[in-house]
Amino acid sequence: MSLAVIVQARAASSRIPLKLLESLGERSALLRCMDRCREIEGAELVLAAVADSAADDEIAEEATDAGFMVTRGPEEDVLARMARAARESGAETILRVEGHHPFIDPQICHRVVQLLDDTHADFACNDMPLRFPNGLQCEAFPAHLLFEAERNATKPFDRQSVTGWMRTHPRLRRVALTGPGQGLEHLRWTLEEPEDLDFCAAVYAELGDRAATIGAAELAALCLRRPDIAGLNAGLNATAPVIGTPEFATPPMALSAAA
């Protein structure tokens with residue numbers, strides 16, 4: 001099974017213009033995410049699927065200059081953009097990650113891919129429901145299923161969300177890695193609002209270079225030990241409702257198991 005990790009990236013943001021180029025230590029938020037994706041066990045390729053507007057040229061250059069493969073595709077039809085990236089990767093299995101998740105955990109990502117393989121399911125994720133901290137989400141599926149979605153998805157939501165068609169089609173078998181819950185799902189490790197940037201910057205100020213590789217268990221421990229850091233963006237964590245229901249979900253996974 002060949003595996004490509006496709007990091008979805010674009011410049012447009014009404015809250016933080018060019019948020020993916022914001023510095024976290026000595027590298028951008030985008031490269032922090034992609035560096036972590038390189039550490040996912042079994043990943044043969046990590047590439048960025050970047051929108052093809054002129055405003056996104058800086059995003060593409062950032063990834064290219066760091067040695068990552070970059071593909072370009074429609075800004076609004078994100079499903080088509082991701083399918084193009086998958087074709088160019090030549091991989092059999094795709095792991096989708098969003099570029100505004102600078103603390104994505106390679107071990108949790110590997111567990112999602114492993115769950116897809118072990119269960120022979122069509123689609124695996126770790127947010128059905130969201131019980132991990134917000135910012136660890138990933139989805140794994142066969143490349144051929146992504147191409148089928150590109151051909152058949154007609155709803156605007158399904159084109160923009162990439163996996164809406166996969167999450168709802170009655171023929172497909174979906175499985176989910178269940179997070180620990182117990183309040184950890186209220187932690188917010190994504191980068192969408194100015195307060196999120198304050199949180200990310202505070203983590204890097206506290207940990208220095210170690211923040212670049214810190215795992216989910218240690219980051220959660222930091223947030224519990226330092227509520228002043230976790231509180232910087234705590235009021236924002238109203239996530240969108242999760243689409244889809246899994247046929248099978250694992251028992252809740254302790255973050256220590258990802259260490």
Side-chain angles (χ1 to χ4, degrees), residues 5 8 32-33 36-37 39-41 95-98 100-119 121-141 161-164 166-168 172-193 195-196 198-200 202-203 206-207 211 213-259:
V5 183
Q8 183 179 309
R32 292 303 189 190
C33 176
R36 284 170 169 265
C37 289
E39 300 303 315
I40 297 170
E41 183 178 339
L95 182 74
R96 175 178 173 253
V97 171
E98 293 186 275
H100 57 271
H101 290 169
F103 295 108
I104 193 77
D105 188 293
Q107 298 300 322
I108 293 173
C109 290
H110 172 64
R111 293 283 291 269
V112 171
V113 175
Q114 193 173 42
L115 181 63
L116 179 76
D117 190 40
D118 289 347
T119 59
D122 298 298
F123 177 89
C125 66
N126 63 347
D127 64 351
M128 264 188 207
L130 181 62
R131 290 172 58 87
F132 284 101
N134 183 7
L136 298 180
Q137 297 94 315
C138 62
E139 302 166 311
F141 40 82
S161 68
V162 180
T163 56
M166 298 183 206
R167 285 171 173 266
T168 56
L172 301 180
R173 183 167 179 255
R174 292 168 284 272
V175 294
L177 181 72
T178 305
Q182 298 182 334
L184 294 180
E185 68 274 20
H186 299 307
L187 295 174
R188 183 177 171 93
W189 301 347
T190 186
L191 179 54
E192 298 182 69
E193 302 283 353
E195 294 89 341
D196 296 329
D198 293 340
F199 168 80
C200 294
V203 171
E206 177 72 13
L207 299 177
T213 56
I214 189 174
E218 190 177 355
L219 183 53
L222 172 65
C223 289
L224 295 175
R225 187 174 71 250
R226 291 288 306 275
D228 56 316
I229 292 178
L232 289 170
N233 61 352
L236 303 175
N237 209 16
T239 56
V242 173
I243 304 299
T245 303
E247 177 181 308
F248 167 77
T250 68
M253 170 188 166
L255 288 183
S256 59

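Please read these numbers as outputs of a predicted model, since none were measured by experiment. Values reported hereafter were calculated over all heavy atoms of this structure, with side chains retained and with hydrogens, waters and symmetry mates removed.
- For the atom pair C125 SG and I243 CD1, the distance stands at 11.5 Å (nearest 0.5 Å).
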Using residues 247-255 as the side-chain source, report each donor-acceptor pair under 3.5 Å to any protein atom, sequence neighbours left out, with the distance given to one decimal.
unit_1	atom_1	unit_2	atom_2	d
E247	OE2	R173	NE	2.5
T250	OG1	T178	N	3.0

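- Ring orientation note: the planes of W189 and F103 are nearly perpendicular, at an angle over 60° on the 30°/60° scale.
- Inter-residue side-chain proximity for N233 and D198 is flagged as unmet; no heavy-atom pair is nearer than 4.5 Å.
- Atom SG of residue C109 and atom CZ of residue R36 lie 10.0 Å apart, to the nearest 0.5 angstrom.
- The minimum heavy-atom distance linking R131 with P180 is given by the pair NH2-O, 3.4 Å.
- Legend: side-chain hydrogen bond (donor to acceptor under 3.5 Å, both in side chains) pairs involving residues 219-228, not counting sequence neighbours, sorted by first then second residue: E206-R226, R226-D228.
- The shortest side-chain heavy-atom distance between V97 and C33 falls under the 4.5 Å cut-off.
- Separating the CZ atom in R32 from the OG1 atom in T213 is a distance of 9.0 Å, to the nearest 0.5 Å.
- No side-chain heavy atom of F132 sits under 4.5 Å from any side-chain heavy atom of L184.
- Heavy-atom minimum distance, L130 versus V242: N-CG2, 4.1 Å.
- Atom CE of M128 sits about 7.0 Å away from atom OG1 of T245, to the nearest 0.5 Å.
- Contact check for R96 versus Q8: side-chain heavy atoms found under the 4.5 Å cut-off.
- Contact check for F199 versus R188: no side-chain heavy atoms found under the 4.5 Å cut-off.
- Expressed to the nearest 0.5 Å, how far CD of E98 lies from OG1 of T190 amounts to 7.5 Å.
- When all heavy atoms are compared, the tightest approach of L191 to D196 is CA-CB, 3.8 Å.
- Under the 3.5 Å distance criterion, the side-chain polar atoms of Q114 are left unmatched by any main-chain donor or acceptor of V112.
- By the salt bridge (Lys or Arg N to Asp or Glu O under 4.0 Å) test, D127 is found to be paired with R167, residues two or more places apart in sequence or in another chain being considered.
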Inset, instruction - Take C37 and I40 through the test side-chain contact (heavy atoms from CB on, under 4.5 Å) and record every step on the way to the result. - result: CA-CA 5 Å; C37 289; I40 297 170; 4.2 Å; yes

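- In this structure, CG in N126 is found 10.0 Å from CG in D105, a value given to the nearest 0.5 Å.
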